[in-house]
Protein chains: 2
Amino acid sequence: MTILNNKTQQSSGRQGVTSRKRTRKNDPERVRADIMRVATREFSEKGLSGARIDEIAEKTQTSKRMIYYYFQDKETLYLRALEQSYQAVRHKEGELDLDHLPPVDALARLVAFTFGHHISHPDFIRMVMIENIHHGRYLGQSEFIQSLNAGAIEELERIYRRGVTSGDFRDDLDPLELHWLISALSFFNVSNQYTFSHIFNWDQAAPDNQKILQGHVIDMVMRYVLSREAMLRHLDGQPDPQA
Amino acid sequence: MTILNNKTQQSSGRQGVTSRKRTRKNDPERVRADIMRVATREFSEKGLSGARIDEIAEKTQTSKRMIYYYFQDKETLYLRALEQSYQAVRHKEGELDLDHLPPVDALARLVAFTFGHHISHPDFIRMVMIENIHHGRYLGQSEFIQSLNAGAIEELERIYRRGVTSGDFRDDLDPLELHWLISALSFFNVSNQYTFSHIFNWDQAAPDNQKILQGHVIDMVMRYVLSREAMLRHLDGQPDPQA
DNA sequence: TTCATAATGTACGAAATGGTACGTATAGTC
DNA sequence: GACTATACGTACCATTTCGTACATTATGAA
């Protein structure tokens with residue numbers, strides 16, 4: 001039972017250069033954010049059951065005690081990490097500034113952005129995958145995420161309506177279903193890159209191939225949405241007359 | 001140290017109706033298959049780290065000992081379950097009998113089948129999701145899976161080539177990339193149904209909506225693959241002249 | 001200054017969990 | 001029937017892992 005009792009004089013030797021005494025600084029916001037940052041990475045990498053609270057604590061500036069102080073238990077911590085993941089990828093409306101573009105260009109750009117945005121946030125993708133493995137049980141508990149994403153398709157809706165009005169787009173599509181199609185292609189590109197690459201011995205993540213796939217996705221969506229007339233122009237490679 | 005030693009006369013009371021004595025029957029194949037069946041379900045439901053060997057053992061007719069006897073450790077068991085999942089969904093070439101159909105019809109049918117096939121095998125989808133969470137580390141160890149899927153796109157390749165020859169399809173597509181597009185749409189439909197349904201308050205799994213989505217996917221792929229001429233026929237709703 | 005409350009650190013515990021030691025039974029071969 | 005390799009069961013162990021008891025310090029208000 002040799003318990004070393006080095007309470008005093010035991011300094012982490014990291015944050016205090018001037019004061020060598022143990023002058024603890026209370027900084028709840030920082031501690032919370034620190035935990036969240038580490039937890040999000042751990043959960044997204046290893047899943048809810050794979051992540052270890054002790055490991056999260058170690059990678060933190062603080063202790064395991066604080067995790068349970070700010071978040072009741074592992075599941076709550078996971079839920080908060082999930083929420084933060086969703087929040088982190090949510091881009092502000094109008095950030096793309098698409099409303100001034102002709103519908104055809106606007107849609108092409110939105111699809112291109114969505115595709116790239118998914119690539120830029122692999123840990124978000126992983127969190128969503130993990131959450132789906134859990135049948136969306138935790139997401140269902142979060143009214144926060146629901147409200148957050150409620151307006152996620154407003155931008156697409158505006159573009160689509162403009163396109164229908166201008167005659168560039170067919171008028172029989174549902175923006176939600178269109179969003180589903182775009183999401184599917186963008187999501188799969190990140191989520192399944194490992195298995196797909198392995199099985200077909202094809203380096204899907206290689207920049208060249210990513211460019212090819214992005215081109216396919218954009219073109220595929222455009223061809224699906226364009227009206228008959230716009231499609232003919234598209235097939236003939238003619239520029240948009242409005243441009 | 002009270003150890004109850006009820007070795008004899010301790011019968012599970014399940015499998016033997018006639019013989020009341022403990023007449024154990026050696027049946028390696030059955031034991032192995034039993035373990036595999038349970039393990040596959042457990043892993044696909046809870047992931048590699050979430051699944052519990054003890055729980056798998058409990059749901060088995062046999063004991064934990066046997067799991068380690070036939071499979072060295074948890075990871076090997078997972079790998080075998082992964083392999084079995086891939087094997088289970090692999091359908092035989094020609095099973096669909098598409099080669100006698102005109103290319104346009106054949107492709108539409110292949111897409112429809114792929115979409116439905118994914119729906120019919122949710123645990124396979126889950127295993128693939130889980131494996132991607134693990135960066136495809138285990139799949140990489142299995143030459144079995146790779147050889148299994150090598151010919152997975154041969155059917156699509158044949159159809160595509162026929163379509164190019166007949167003039168129904170454009171000639172600038174790569175069958176592998178085409179397969180990627182079809183897979184993405186079919187996979188996402190199962191993998192992300194929980195989060196997507198929740199976020200947009202839309203019951204994606206409802207039969208009506210599944211029909212709608214399947215229609216979108218088929219039509220989207222067709223529009224992407226059709227040649228200019230075939231596209232015009234398609235847009236005008238005219239039947240395939242070859243039919 | 002006093003005092004209450006929020007914030008933090010250390011050590012520990014109970015249960016879960018992957019894996020194994022050890023012994024027994026089965027079945028095919030000679 | 002004797003023998004041996006394979007198949008199988010029970011109890012157990014070492015470690016991991018989530019979570020907490022308990023003590024202490026910081027901070028702001030009265």
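Below, chains carry the letters A, B, ... as their sequence lines are ordered, and counting in each starts from 1.
- Following rounding to the nearest Å, A:Glu29 (CD) and D:dA26 (P) show an atom-to-atom distance of 19 Å.
- With a 6.0 Å radius and a threshold of 12 heavy atoms from other residues, nucleotides or ligands, A:Asp97 has its CG atom above the threshold.
- Nearest nucleotide to the A:Pro28 side chain, out of C:dG9, C:dT8, D:dT6: C:dT8.
- With hydrogens and angles left out, the side-chain atoms of B:Thr60 and B:Asp34 include no donor and acceptor closer than 3.5 Å.
- Rounded to whole Å, atom P of C:dT26 lies 17 Å from atom CZ of B:Arg30.
- Listed by chain and residue number, nothing satisfies the side chain to side chain donor-acceptor pair (under 3.5 Å) test with A:Asp123 (two or more places apart in sequence, or in another chain).
- Atom P of nucleotide C:dT20 and atom CD1 of B:Ile67 are separated by 13 Å, given to the nearest angstrom.
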Checklist outcome for this item: Reading nucleotides 13-21 of chain D from 5' to 3' and marking B where a protein heavy atom lies under 4.0 Å of the base, S where only the sugar-phosphate is that close, and - otherwise, the string is ----SBBBB

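- At least one side-chain nitrogen or oxygen of A:Ser63 sits closer than 4.0 Å to the OP1 or OP2 atom of C:dG9.
- Residues satisfying the salt bridge (Lys or Arg N to Asp or Glu O under 4.0 Å) criterion with B:Arg126, sequence neighbours excluded, are B:Glu45.
- Listed pair B:Tyr69 / D:dG9 fails the phosphate criterion, with no side-chain N or O lying under 4.0 Å from OP1 or OP2.
- Atom CD of B:Glu58 and atom P of D:dG9 are 15 Å apart (whole Å).
- Residue B:Asp34 contributes atom CG, which lies 11 Å from atom P of D:dC8 at whole-angstrom precision.
- Residue B:Arg158 places its CZ atom among more than 12 non-hydrogen atoms of other residues, nucleotides or ligands, all under 6.0 Å distant.
- Using the six-membered ring where Trp is involved, B:His117 and B:His121 have ring planes that are tilted, between 30° and 60° apart.
- Nucleic acid contact class of A:Phe71 (heavy atoms, under 4.0 Å, all strands): none.
- Atom CE in B:Met66 sits roughly 16 Å away from atom P in C:dG19 (whole-Å rounding).
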